[in-house]
Amino acid sequence: MLTIGALANVKHILQKELFSVSDERLLSVVTVTKTFKKKDKRACYLCVVTTTPITVPVVSLCLVKQSEQRENEYKRKRSWALDEIKWVDGRNDQLETHEFDIQLEKLYKWYALHPHERQNFLAVLNRQIQKNVRGQRAEFRNIPSAWLSEKSPEKIAAGRTGDAALKAQQTDGEESEEEAQEFTALTDREATELGKLFSECDFAIKDAEQFIEQLSKELHDLDGANIQSVLASEQKVLKMMEHIDNAINEADKFETRLDSYEDILGHVKETMEKIGGKNAMIEIANNNNIKLMKELEKVITQLDLPHKQQQALEDPDFKTEAGIKAAIAAAQCLQQAMNSDIDSALLRLEAVQDQRKRFEKWKQKFSIFISRYMNNMFIHIGNEIGDLPLTSNELVLPNHSNVHQSLAPYTELMHWTKAMDNKTYAGLMRVYTASLCKIYDRDLRNFFNLAKMQVSDKLRSSREDLDASTTSRKAAVSTVPYGTLGVNRDQWGPGVDSADRVRFDALLEKVLAELEPIALQEQLFCINFFQMDVISPTTKNTQTTLEVMEKSVDMSQSFTAASPSTDGPFPQKRIDRQINEDVRNLMMGLFDCLEPELVIFIKSFERVDSFYSLYVLVRLTQHVMSAQDTHSFLSMTFASTLVQVKRNFDSFMKQQMQSIKESKLPKRSKAGILPYVENFENFAQTAEGIFRKSDRRTDMERWYLQLVNAIFETISEQSHEHPKTPHQVVRMENYHHMYSLLAQLKVRGLDGLKKEAKVRYNDALKAYVTHYFGRPLEKLNLFFEGVQQKVAQGVKETEISYQMAYSKQELRKVISQYPAREVKKGLENLYKKVEKHLCEEENLLQVVWHAMQEEFIAQYNYLEERIQKCYAGAMINLEFNIQDILTFFSDIARSH
Amino acid sequence: MSKKPTAGPALHKVIMVGSGGVGKSALTLQFMYDEFVEDYEPTKADSYRKKVVLDGEEVQIDILDTAGQEDYAAIRDNYFRSGEGFLCVFSITDDESFQATQEFREQILRVKNDESIPFLLVGNKCDLNDKRKVPLNECQLRAQQWSVPYVETSAKTRENVDKVFFDLMREIRSRKTEDSKATSGRAKDRCKKRRLKCTLL
């Protein structure tokens with residue numbers, strides 16, 4: 001600002017001192033020093049100057065220097081026309097650059113003192129050159145292009161410095177106007193005002209003095225008017241002051257009045273507050289009274305027992321339906337009253353205590369009534385049914401739903417007893433159990449006796465059948481159970497056939513099916529009648545005890561206990577388990593003899609049929625698995641019986657295993673099929689018939705594996721024991737039989753053993769054939785075995801005949817021992833022997849003989865080949881040829 | 001052979017004959033165990049026994065499954081001799097096997113020395129009808145010539161498997177009852193047969 005001011009100052013001075021004289025106008029000035037003349041402290045001014053003639057303005061650049069002697073004297077040092085400027089170099093684009101060069105007749109290097117002056121100057125210079133120079137124009141280098149394009153250089157400065165005054169001045173874009181503004185002292189309006197003034201006093205130009213006079217006169221007038229108006233206003237001011245004083249007085253008065261009002265109001269407020277407090281107290285008292293009334297009413301309604309009900313409690317009539325209803329209603333009212341939710345503090349009221357004592361009395365009395373009545377009833381029912389003769393001979397369990405029906409009306413009373421008097425409740429339950437247990441005991445025993453009788457009946461009839469068919473066998477009573485694998489069929493004790501087994505199974509099914517609904521019905525009734533699905537509270541369940549202090553504790557417990565649905569401290573699972581156990585215990589009491597009787601019944605099969613455990617296992621498993629409630633009494637009973645049966649099943653299987661291992665070879669001329677191998681067929685078929693579709697299949701298959709393994713082992717062990725039959729035959733026949741059995745059985749788990757049986761059979765067959773086959777041509781075979789040894793020792797085949805022991809003569813000697821007739825005889829003997837070894841059941845004679853025929857032909861071929869090789873050209877032949885052999889075979893075939 | 005008299009069910013002995021690979025074992029296994037074995041393994045000789053119910057009567061059937069390939073036909077004499085009835089099997093897809101039946105038939109008749117021995121001509125593999133090489137009428141013609149029944153079977157699909165065994169057992173049974181009835185009457189006849197055999201030797 002200051003610099004601009006200074007510049008404006010310099011500009012003004014230069015205009016005034018220097019250019020006005022020569023009728024020129026200064027457009028722009030920059031304070032510079034020559035860069036190469038640093039010592040020269042005097043400021044130089046580089047100016048853009050225009051002439052102000054009317055026609056064409058001539059713009060020139062001129063250098064002005066301050067005079068050395070006098071501060072205010074300026075000299076025009078040099079002047080150039082604009083077209084003399086070749087180029088202007090700003091050195092660089094930076095705003096704060098001081099240097100710039102101008103190429104004129106020579107290069108001038110300047111240093112501007114103020115960068116903004118330099119900017120302004122360069123911009124103006126450029127503008128003037130653009131405007132005034134025709135033809136070649138000076139080149140501007142290294143100067144921000146903005147400066148050169150902007151119309152007004154001051155604008156940039158204004159934009160940069162934010163000088164509002166400058167900005168306001170230069171709103172107009174018109175260049176000439178801008179330039180004029182700097183030097184026009186009067187605005188247009190002032191000028192017109194002045195003009196007007198001058199026109200009014202058109203004489204002024206002619207007579208200045210008169211004009212001055214007139215002006216001073218006017219001025220004087222104006223002063224006078226001014227003083228007068230000042231004097232006039234003082235009066236008004238005084239008046240106003242007065243008004244103000246009045247107003248102040250009024251305000252004071254008003255204030256005092258307000259204060260008094262406030263005082264009064266304060267009093268009123270205090271009084272009102274007091275009244276309000278009193279009112280609240282009254283309301284509280286009123287509310288309390290109402291509450292008290294309510295509480296009292298509640299207590300009274302809760303503890304009040306209508307007279308009618310009192311009567312019903314004191315003299316209950318359990319014989320009529322209406323009487324029972326009334327008694328139940330009264331009892332429930334009593335229960336409700338005794339359990340009513342009364343605050344512990346209120347319990348201290350004497351009236352309440354009295355009422356409770358009365359309740360207690362009623363309760364005890366009523367409880368005794370119930371106890372007596374129900375006791376009689378239970379015993380009566382027990383006796384009544386117990387006296388009824390058992391007429392039915394059919395295998396059905398009597399249904400006691402009539403008992404349940406007759407007891408049903410008393411259900412509510414039992415529930416009441418349970419809630420109110422645990423002791424009586426428990427007592428009644430005991431009596432009920434005892435009375436009904438007698439009935440069920442008798443029913444069950446009778447039922448199972450009938451069932452057992454049916455078993456033995458069937459047994460008898462089947463025995464008779466057996467007797468009829470095999471009288472001779474029956475004579476010798478054997479102790480070996482029927483179906484024992486390791487013992488020959490002849491020695492088995494009496495058994496049953498599969499049809500009987502089916503009948504037994506059906507009988508068992510019927511027994512189980514009969515038990516289920518009866519037990520279920522009783523269980524349902526008991527749960528309902530004794531309300532066993534609600535856990536029985538262990539703590540005192542009424543508030544009848546008068547010890548108030550304990551009550552609060554008791555109460556909370558009894559309430560949670562009485563409503564198990566809101567599972568307070570008891571998790572649901574535990575409650576269920578508890579209920580289950582209670583029910584089970586009750587049922588156990590009622591059906592005391594069920595399990596032992598069932599076990600005895602199942603045992604009764606054992607005497608008849610050693611295979612009983614198989615189908616009983618399957619049947620019971622089915623019942624246990626299909627039971628919905630696995631924790632019910634019956635399921636548990638069945639399950640524990642099932643465990644026993646499973647044990648029996650396993651021990652039966654163990655016995656079978658044992659019998660296989662301990663079995664003895666039959667004392668027959670040939671071993672044939674061993675008893676356990678033969679019996680296994682029947683055994684497996686029976687087992688499959690029972691287990692084919694059962695869940696317990698895996699149990700059976702486990703035993704199959706063990707049994708078959710035991711059979712294999714025992715076959716191998718015993719094959720050597722028979723005095724006449726060679727062990728190969730024993731194995732061959734028995735493994736062949738086992739293979740066939742297993743193939744028919746089609747038990748997947750036994751596939752491995754089936755293959756094993758086949759392998760063992762084939763091995764035994766091969767062993768038998770090769771071992772027994774040397775016989776017909778034994779010496780020849782021995783001879784050539786020796787030959788073969790020599791060959792193995794390195795003797796050439798063609799030189800064998802030179803060995804003493806294997807000379808042609810020797811060979812001839814051996815061959816001569818086997819004339820065709822002898823060979824045929826040998827084969828016939830072999831056939832007979834084989835026939836003797838093999839048993840008919842397995843039908844392997846043809847198979848073995850086939851193999852032997854092949855073996856014999858193979859041997860013949862071998863011998864022939866050996867002779868041709870070792871004794872070539874010796875014309876030695878066996879005394880029979882292949883045709884002979886085939887004829888022998890055919891002959892043997894025909895002779896059988 | 002056992003000491004005690006066989007009071008058990010009647011026993012019928014059946015022999016499977018025919019060329020190799022025609023499905024004798026397959027038919028046997030299918031009949032015995034309800035199974036069909038795909039892979040072929042030549043049989044040497046194998047014996048099977050099964051209890052079956054034939055027209056309400058429990059009987060036992062012995063099946064001797066024989067080798068199709070044999071170096072010397074005479075080896076067969078023995079088991080032909082033991083048979084009571086024959087299933088002569090060929091494959092309808094193999095003409096050679098059909099031609100071979102002629103030879104089997106002749107050998108059986110020679111060994112058994114009996115024109116009316118229970119005998120069924122069985123064309124197996126009838127599930128492979130599109131590969132048939134032996135025309136049906138030719139088979140039927142041959143059966144007619146021999147006056148034996150002709151049945152086509154498939155061991156694979158079990159078609160007619162039970163039928164051929166049961167038909168043969170029925171023939172064997174009726175033959176046996178005939179024989180036992182005529183024991184006295186035909187004693188002469190049978191002796192004649194024996195004698196006839198002797199003269200053959």
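Proteins get letters first, then strands, A, B, ... in listed order; numbering begins at 1 in each.
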Heavy-atom contact with chain A under 4.5 Å, split by part of B:K112:
neither
Verify the neighbour count for atom CD of B:E96: are there more than 12 heavy atoms of other residues, nucleotides or ligands below 6.0 Å?
no
Heavy-atom closest pair, residues A:F889 and B:A74
CB-O, 4.5 Å
Atom CD of B:Q99 with >12 non-hydrogen neighbours under 6.0 angstrom:
yes
Gap between atom OG1 of B:T43 and atom NE2 of A:H850 - 0.5 Å precision:
10.0 Å
Within 6.0 Å of CD in B:Q144, more than 12 heavy atoms from elsewhere:
no
side-chain contact (heavy atoms from CB on, under 4.5 Å) between B:E70 and A:E854: does it pass, once the steps are laid out?
CA-CA 9 Å; B:E70 207 79 78; A:E854 281 195 331; 3.2 Å; yes
Would you compute the distance between atom CD of B:E35 and atom NZ of A:K746 and round it to the nearest 0.5 angstrom?
4.5 Å
Identify which part of B:I75 has an atom lying under 4.5 Å from any heavy atom of chain A, answering side chain, backbone, both or neither.
both
When rounded to the nearest 0.5 Å, the distance separating CG of A:L844 from CG of B:L64 is 9.5 Å
Between NE2 of A:H736 and OH of B:Y48, what distance do you get to the nearest 0.5 Å?
6.5 Å
Atom CD of residue position A:E865 - does it have more than 12 heavy atoms of other residues, nucleotides or ligands inside 6.0 Å?
yes
When rounded to the nearest 0.5 angstrom, what distance separates CZ in B:R76 from CD in A:Q846?
13.5 Å
Using non-hydrogen atoms only, which part of B:D71 is less than 4.5 Å away from chain A: side chain, backbone, both, or neither?
neither
How long is the span from the OH atom in B:Y72 to the CD1 atom in A:I882, to the nearest 0.5 Å?
4.0 Å
Determine whether more than 12 heavy atoms belonging to other residues, nucleotides or ligands lie under 6.0 Å from atom NZ of A:K825.
no
Relative to chain A, which segment of B:Q60 carries a heavy atom at a distance below 4.5 Å: side chain, backbone, both, or neither?
neither
